[in-house]
Amino acid sequence: QSITLSEEELKTFQNKYKKDYEQRELYEGEELEDKFRLNAWRSPMFSEITSIILAFEHQDTLRVQYITGTEKDLLQNFVNLVKTSFQDYILVHFDAEIVLPYLGVRLNSNGHLTTPHNNLIYQGHNFKPWNLTGLDIKQWYKGAGKYTFSLEEIAKILSIDKEGIIPYEDEFTYFNSNDFDSLKSSAIKKVEVLSQIHRKLFGLNSLTTVL
């Protein structure tokens, strides 16, 4: 979700995403503002986290918590939960090359300079995607192959219901329309689908969701 437009952020964005890199041509004026609004959400430098969804497996249920609030508060809540309750869990996520640095940058921006869980470490030590200790379903499914698939595509391949998931590029529209219920439902559906994919690939029974 793109953050409020500011001169400093706009200037940094302008220099980082040039209109023509060879000619050093920059976006200007209204075109720059439009480019920022359409694309800033893709970078953790120019966006902020407005919600986090956590789920863990417990006694044949998938227990889900949807955290909202100011970015600073929800990240503190996330850090506290992960440190105190999930150190013995293996973290399962999707697309570590995007998710981990995005989360890492936003944690750093809010004063969290140490990683709350080993499975979230992605920097230093000559780390590569295959060195990560968490389970990245996207990389696991890709394996040694050349093809990569989205969460929704893997769900379709495995005949898992994915109805209700809002595409990433459309979430900004829902947020600006204050349709937070749809965003919450989509987030819950995504984590359910991720769990179902994980368990189906590993030959495990599906779980009942408990909020």
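As the structure is a prediction and not an experimental result, all values here were calculated from the model. Numbers here are sequence positions counted from 1.
Every residue two or more places apart in sequence or in another chain was checked for a side chain to side chain donor-acceptor pair (under 3.5 Å) with Lys162, and none qualifies. Applying the side chain to side chain donor-acceptor pair (under 3.5 Å) test to Lys142 and every residue at least two apart in sequence or in another chain returns nothing. Partners of Phe180 by ring-ring contact (aromatic ring centres under 6.0 Å, His included), not counting sequence neighbours, listed by chain and number: Phe175. Residues satisfying the side chain to side chain donor-acceptor pair (under 3.5 Å) test with Asp95, not counting sequence neighbours, are Lys138. The ring-ring contact (aromatic ring centres under 6.0 Å, His included) search around Phe78 returns none, not counting sequence neighbours. For Asp179, the side chain to side chain donor-acceptor pair (under 3.5 Å) partners two or more places apart in sequence, or in a different chain, are Ser182.
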List, one per line, each side-chain donor-acceptor pair under 3.5 Å for residues 82-91, sequence neighbours excluded.
unit_1, atom_1, unit_2, atom_2, d
Thr84, OG1, Asn80, O, 2.7
Gln87, NE2, Val82, O, 2.9
Gln87, NE2, Pro116, O, 2.8

Hey, can you pull the donor-acceptor pairs under 3.5 Å for the side chains in residues 107-114, sequence neighbours left out?
unit_1, atom_1, unit_2, atom_2, d
Asn108, ND2, Gly104, O, 3.4
Asn108, ND2, His112, O, 2.9
Ser109, OG, Val105, O, 2.9
Asn110, ND2, Glu71, OE1, 3.0
Asn110, ND2, Arg106, O, 2.8

Contacts table for residues 197-211: side-chain donor-acceptor under 3.5 angstrom, sequence neighbours left out:
unit_1, atom_1, unit_2, atom_2, d
Arg199, NE, Asn205, O, 2.3
Arg199, NH1, Glu57, OE1, 2.9
Arg199, NH1, Glu57, OE2, 3.3
Arg199, NH2, Asn205, O, 3.1
Lys200, NZ, Leu158, O, 2.6
Thr209, OG1, Glu192, OE2, 2.5

* Step by step, work out the ring pair (Phe, Tyr, Trp, His ring centres under 6.0 Å) result for Phe127 and Tyr122. => CA-CA 6 Å; Phe127 260 30; Tyr122 67 94; 8.5 Å; no
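Not one N or O on the side chain of Ser186 forms a donor-acceptor pair closer than 3.5 Å with the backbone of Ile165. Checked by atom type and distance alone, the side chain of Thr61 pairs as donor or acceptor with a backbone atom of His58 at under 3.5 Å.
No side-chain donor from either of Asp170 and Thr173 sits under 3.5 Å from a side-chain acceptor of the other. With no hydrogens or angles considered, no side-chain donor-acceptor pair links Thr133 and Asn118 at under 3.5 Å.
Heavy atoms from other residues, nucleotides or ligands lying under 6.0 Å from CD of Glu8 number 12 at most. Counting heavy-atom neighbours within 6.0 Å of Glu30 CD, excluding the residue itself, gives a total of 12 or less.
Side-chain contact between Lys19 and Lys35: absent, with no pair of heavy atoms (C-beta onward) separated by less than 4.5 Å.
Evaluation of the ring-ring contact (aromatic ring centres under 6.0 Å, His included) test over residues 147-170, restricted to residues two or more places apart or in two chains, returns Tyr141-Phe149. Residue pairs meeting the salt bridge (Lys or Arg N to Asp or Glu O under 4.0 Å) criterion with at least one member in residues 58-70: none, sequence neighbours excluded. For residues 145-161, the salt bridge (Lys or Arg N to Asp or Glu O under 4.0 Å) pairs, not counting sequence neighbours, are Asp161-Lys189.
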